[in-house]
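Encoded as structure tokens, the structure appears first; notes follow it.
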Amino acid sequence: MDKRYFSDKVVEWYQTRKRNLPWRDTQDPYKIWLSEIILQQTRVAQGLPYYLRFIEKFPTVQALAAASEQEVLRLWQGLGYYTRARNLHKCAKEVVARFQGVFPDNFQTLKTLPGIGDYTAAAIASFAFRESVAVVDGNVFRVLSRIFGIDTEINSPEGKKVFAALANELISAKKPDQHNQAIMEFGALYCTPGKPECPECTFIGTCFAAKNELQGVLPVKTKAKAARPRYFYYYVIRKGKSMLMKKRDQKDIWHGLYDFYVVEKVKPANPVKLMAQDPLLKKFNPDDVTVSKKYKHVLSHQIIHATFITLAEQKSQASGADGLKYYSSQKISDLPKPVLISRFLEDYQLL
DNA sequence: AAAACGGGGTT
DNA sequence: AACCCAGTTTT
């Protein structure tokens with residue numbers, strides 16, 4: 001397909017079919033940045049309520065920078081990829097400290113901020129400052145590979161180069177913002193991964209994939225390797241109406257968030273035998289142990305095998321040291337916590 | 001260059 | 001239950 005034809009048509013399509021979203025029709029880099037961070041790996045429907053809550057609580061980058069990390073994590077709760085929230089907060093503080101609270105207005109400088117990579121820098125630079133630099137996200141990979149018939153693997157270093165070069169060749173110098181938005185919106189609404197809306201599509205006669213029935217093949221991607229299994233043994237220790245929670249402090253998934261007391265193993269283990277080796281758990285009577293529930297939680301690159309073990313109440317056990325805290329059942333729902341736990345919490349009530 | 005990082009949707 | 005989806009940082 002002719003490149004110029006595609007660029008013009010897709011922008012035309014966008015102007016008539018685009019969704020109205022609160023971060024569009026603004027040039028405030030703060031709002032654009034916030035929306036882009038939230039929308040990384042997140043669908044609009046899921047991210048929208050978070051965006052609205054963040055803007056309400058932190059209307060400016062200064063307000064966000066002044067918050068505590070815990071406040072930011074709490075508002076982020078349930079979105080996953082908590083590193084995004086930490087970087088969001090770090091970035092706000094840097095914008096205030098390094099740039100007097102004013103976002104840098106170009107791709108290159110934006111990229112020096114935490115949490116802002118190629119995609120996000122291009123999005124902010126083009127949407128807020130009309131810099132002519134192409135965004136290359138999953139939608140762009142998919143649309144360009146199908147329309148122009150490019151079978152370079154999109155997750156290879158080569159693919160990143162090829163698609164970025166093509167996207168930057170296509171971009172209009174006059175309306176880089178609309179051009180970028182148009183391809184992504186087209187990919188999100190029409191040229192979807194599963195079953196694209198080819199019968200309704202304006203490119204049905206010119207698209208390489210449609211002409212050759214290769215929608216199911218393009219874009220080409222190398223397959224991921226098998227997920228790593230992890231075995232979590234959660235010891236649910238109750239004290240009256242309260243439960244023991246531990247802050248995860250290790251440099252690991254969910255650090256800084258709260259968990260039940262957990263012992264992790266690479267291979268399946270016997271939860272009762274595990275107790276004898278643990279400084280806190282060895283104080284409990286193994287006869288009081290009840291294995292209450294088992295879960296398998298499949299994620300992209302991990303398979304979590306979680307076993308929940310309830311322990312009978314003891315007189316003197318865990319103290320407030322070492323991130324250990326008792327929380328009432330009411331308060332636990334307020335904790336910034338791994339979604340794994342929030343998902344199990346309801347079931348926990350049945351234990 | 002490859003791995004790590006959650007969670008929801010679809011099949 | 002198996003499979004799909006993605007941008008940034010770290011190793």
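- The shortest distance between the side-chain N/O atoms of Gln302(A) and the OP1/OP2 oxygens of dA4(B) is not below 4.0 Å.
- Counting only residues at least two apart or on different chains, the ring-ring contact (aromatic ring centres under 6.0 Å, His included) pairs with a member in residues 148-177 of chain A are Phe6(A)-Phe148(A), Phe141(A)-Phe163(A).
- At a non-hydrogen distance threshold of 4.0 Å, nothing from residues 18-35 of chain A comes into contact with DNA chain C.
- Considering only residues two or more places apart in sequence or on other chains, Thr109(A) meets the side-chain hydrogen bond (donor to acceptor under 3.5 Å, both in side chains) condition with Asn106(A).
- Applying the ring-ring contact (aromatic ring centres under 6.0 Å, His included) rule to His255(A) yields no partners; only residues at least two apart in sequence or on another chain are considered.
- The side-chain contact (heavy atoms from CB on, under 4.5 Å) check on Asp8(A) picks up Arg4(A), with sequence neighbours excluded.
- Each of Arg84(A) and Pro157(A) was assigned the nucleotide of DNA chain B with the nearest heavy atom; the assignment lying further toward the 5' end belongs to Pro157(A).
- For the salt bridge (charged side-chain N to carboxylate O under 4.0 Å, His left out) test, residues two or more places apart in sequence or in another chain that qualify with Glu94(A) are Arg98(A).
- The ring-ring contact (aromatic ring centres under 6.0 Å, His included) test applied to Phe58(A) returns no partner, not counting sequence neighbours.
- dC5(C) atom P lies 17 Å from atom CG of Leu189(A), rounded to whole Å.
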Polar atom pairs (N or O), protein with nucleotides 9-11 of chain B, under 3.5 Å:
residue : atom : partner   : partner atom : Å
dT11(B) : OP1  : Lys195(A) : NZ           : 3.4

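- For the pair Ile37(A) CD1 and dC5(B) C1', the interatomic distance rounds to 15 Å; values are reported in whole Å.
- Using a 4.5 Å cut-off between side-chain heavy atoms of Ile, Leu, Val, Met, Phe, Trp and Tyr, Leu218(A) falls into a hydrophobic cluster with Phe208(A), Leu214(A), Val217(A), Val220(A).
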- With sugar-phosphate taken as primed atoms, P, OP1 and OP2 and all else as base, the protein-contact string of nucleotides 6-11 of chain C at under 4.0 Å (heavy atoms; B, S, -) is BBSS-S
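- Pairs passing the ring-ring contact (aromatic ring centres under 6.0 Å, His included) check and including a residue from residues 84-119 of chain A, sequence neighbours excluded, read Trp33(A)-Phe103(A).
- Atom CZ in Arg228(A) sits roughly 19 Å away from atom P in dA2(B) (whole-Å rounding).
- Within a 6.0 Å sphere centred on NZ of Lys18(A), heavy atoms belonging to other residues, nucleotides or ligands number more than 12.
- Remark: C1' of dA4(B) and NE2 of His255(A) are 13 Å apart, rounded to the nearest angstrom.
- For Glu12(A), the salt bridge (charged side-chain N to carboxylate O under 4.0 Å, His left out) test picks out Lys9(A), with sequence neighbours left out.
- A donor-acceptor pair under 3.5 Å is formed between the side chain of Arg84(A) and the backbone N or O of Ile38(A).
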